[in-house]
Amino acid sequence: MLELKNARIGYGPVSVVHDLTISVGASEAVFLVGPNGAGKSTTLRGIIGHNPLLGGSITWEGKDISKLAPHERARLGIALVPEGRHVFPQLSVLENLEVAARVGPNTRVKERIESIFDRFPRLAGRRSQQAGLLSGGEQQMLAIGRALVQEPRLLVIDELSLGLAPVIYQQVGESVRDLARDGLSVLLVEQNAVLAMKICSRGYLLSRGTAVLEGTVEELKTKSEMRELYLGGLGKGN
Amino acid sequence: METFVQLIAAGLVTGTIYALIAAGYAVLYTATGFVNFALGAQAMIGGYLTYVFLPELPLIVRVLLAIVVSILVSVASWAFFYRQVAEKDMLSAVIMSFGFSIVMAEFVRIIAGGIPLPAESPFGSGVQQIGILSISNHSMAVLVVGIVLFAALALVFRSRGGMSIRAMFQDKEMAETLGIPTNRVVIGLFALSGVFAAAAGILTGPILSMSPHMGTSLALIAFVGAILGGLGRISTAIIGAIMLGLLETLFAGYVSQDYRTTLVFAVFILVLIVRPAGVFGSKTKVKV
């Protein structure tokens with residue numbers, strides 16, 4: 001569905017991602033892990049359209065999308081849960097969902113919003129509260145809800161667990177895993193490789209702007225690079 | 001007491017005109033971080049189109065023309081000039097808008113001459129007596145038009161479309177990511193600021209008479225007003241501009257007519273030192 005081939009993405013003339021080839025298939029959940037500065041967030045920014053593609057290609061169902069503006073890519077069905085949540089702090093929970101729901105086809109808005117409240121009952125109880133006053137976990141649920149209310153075909157998540165307590169990110173992680181099992185395509189950037197492997201079925205290890213390892217979760221678990229770098233002590237705890 | 005009431009009314013009228021420009025500033029600033037100093041010159045051109053250039057046309061046509069031209073200048077100057085510069089360096093774009101306002105003023109001076117020309121109010125020269133207050137039809141019209149436009153602005157922002165604009169004000173990149181065409185929304189807001197500028201010019205003409213550089217001082221004083229209240233929110237910018245109008249008029253009436261402009265800029269300096277985010281602004285909003 002989404003494919004990057006030899007992609008070079010950066011800021012102005014400086015490229016951070018040098019030569020990256022990754023793909024996400026229909027109904028597939030894929031993760032990207034890697035150390036700081038590996039180019040994970042830049043990759044996502046390139047997919048969303050906030051950073052220009054300097055070389056290679058980005059295609060969506062075989063069509064080149066590298067020239068499309070972010071809002072045009074959103075309308076193809078690519079939704080982002082950004083790092084740091086980025087809920088609209090002065091809008092209420094309901095308004096955050098409504099703003100997202102009313103972009104594109106203006107149909108079944110109420111129904112779509114209610115389905116988000118069914119999925120995240122904690123948000124339902126806070127629907128008129130200002131989003132900026134929610135806890136970190138609730139904001140993350142809202143950011144996911146805001147993406148889902150658009151009924152996307154691909155959910156792109158940047159740092160699901162960052163800044164959240166373990167109990168909370170386990171919960172949020174389960175929600176995303178359920179979504180993936182229900183057939184939604186997911187591209188997850190996650191610093192916590194254990195969590196990423198629970199949610200996704202396949203993944204890439206990025207380093208210095210390129211993919212140094214790729215494979216299914218089972219394959220990756222056997223690789224020494226993954227074990228040493230990311231599973232180490234964490235793996236035993238979980 | 002009578003003087004006081006009289007001065008308050010005059011101050012509200014002056015303040016409303018400042019507030020029309022200040023609202024334009026705040027709408028654009030919250031959306032883009034850009035301060036369009038050319039709004040004053042657009043007001044001036046709106047005034048010349050209404051009162052000077054085309055006296056043979058019916059009034060309503062001249063007014064509509066003034067509004068349309070102001071909208072076009074607003075939108076085109078952003079789309080073709082400021083935007084490209086603003087993306088690289090916001091301050092350069094702001095200074096550019098100031099330069100553009102001088103170009104517009106000189107352009108009008110070449111066509112119409114630099115001598116101030118009288119403008120006749122579309123509302124006649126009548127004066128109404130309300131209790132101890134005597135107020136001209138034109139002043140009343142200023143207040144009514146101001147209230148109508150500010151109410152319309154509030155309605156726009158409370159509407160469904162306005163919700164996306166508010167979302168964009170809070171997080172532009174995220175709004176764009178959600179699929180809101182922020183560039184198009186910004187163009188719409190420039191058009192809106194054009195309407196407000198034209199209204200300010202049409203309403204100012206009969207009060208100050210028309211001169212090519214009237215817009216430059218209007219732009220600066222309205223900016224001081226917006227900063228006084230807080231440029232980061234539309235409501236505080238409007239209130240600040242009205243407060244400045246009141247302050248200026250009371251000062252001119254009770255203290256000194258000669259130093260009223262000095263007062264305006266003394267207020268400006270004081271606000272920047274003491275409360276740079278404005279009297280009502282919150283600290284986090286400071287971006288000036």
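Protein chains get the first letters and strands the later ones, always in sequence-line order, with residue 1 at the start of each.
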Q: Under 4.5 Å, heavy atom to heavy atom: which of residues 52-82 of chain A reach chain B? Give them by number, or say none.
A: A:Ala69, A:Pro70, A:His71, A:Ala74, A:Arg75, A:Leu80, A:Pro82

**Q.** Side-chain touch A:Arg102/B:Ser164, heavy atoms, less than 4.5 angstrom
**A.** no

Q: Taking the side chain as every heavy atom from C-beta outward, state whether A:Phe88 and B:Met174 have any pair of such atoms under 4.5 Å apart.
A: yes

In Å, rounded to the nearest 0.5 Å, how long is the span from [atom1] of [X] to [atom2] of [Y]?
| X | Y | atom1 | atom2 | answer |
| --- | --- | --- | --- | --- |
| B:Arg166 | A:Gln90 | CZ | CD | 9.5 Å |
| B:Asp171 | A:Arg85 | CG | CZ | 13.0 Å |
| B:Met163 | A:Asn96 | CE | CG | 9.0 Å |

Q.
Quick check against the 3.5 Å criterion: does A:Gln150 have a side-chain atom that pairs as donor or acceptor with the backbone of B:Leu178?
A.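 Yes, the answer is positive, given that a donor and an acceptor are paired below the 3.5 Å cut-off.
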
Q. Is the number of heavy atoms from other residues, nucleotides or ligands under 6.0 Å of B:Arg158 CZ greater than 12?
A. no

**Q.** Which atoms of A:Leu91 approach chain B - backbone, side chain, both or neither, heavy atom under 4.5 Å
**A.** both

Q. Given that the side chain runs from C-beta out, which part of A:His86 has a heavy atom under 4.5 Å from chain B: side chain, backbone, both or neither?
A. both

Q.
With a 4.0 Å cut-off on N to O distance, would you call B:Glu173 and A:Arg45 a salt bridge?
A. yes

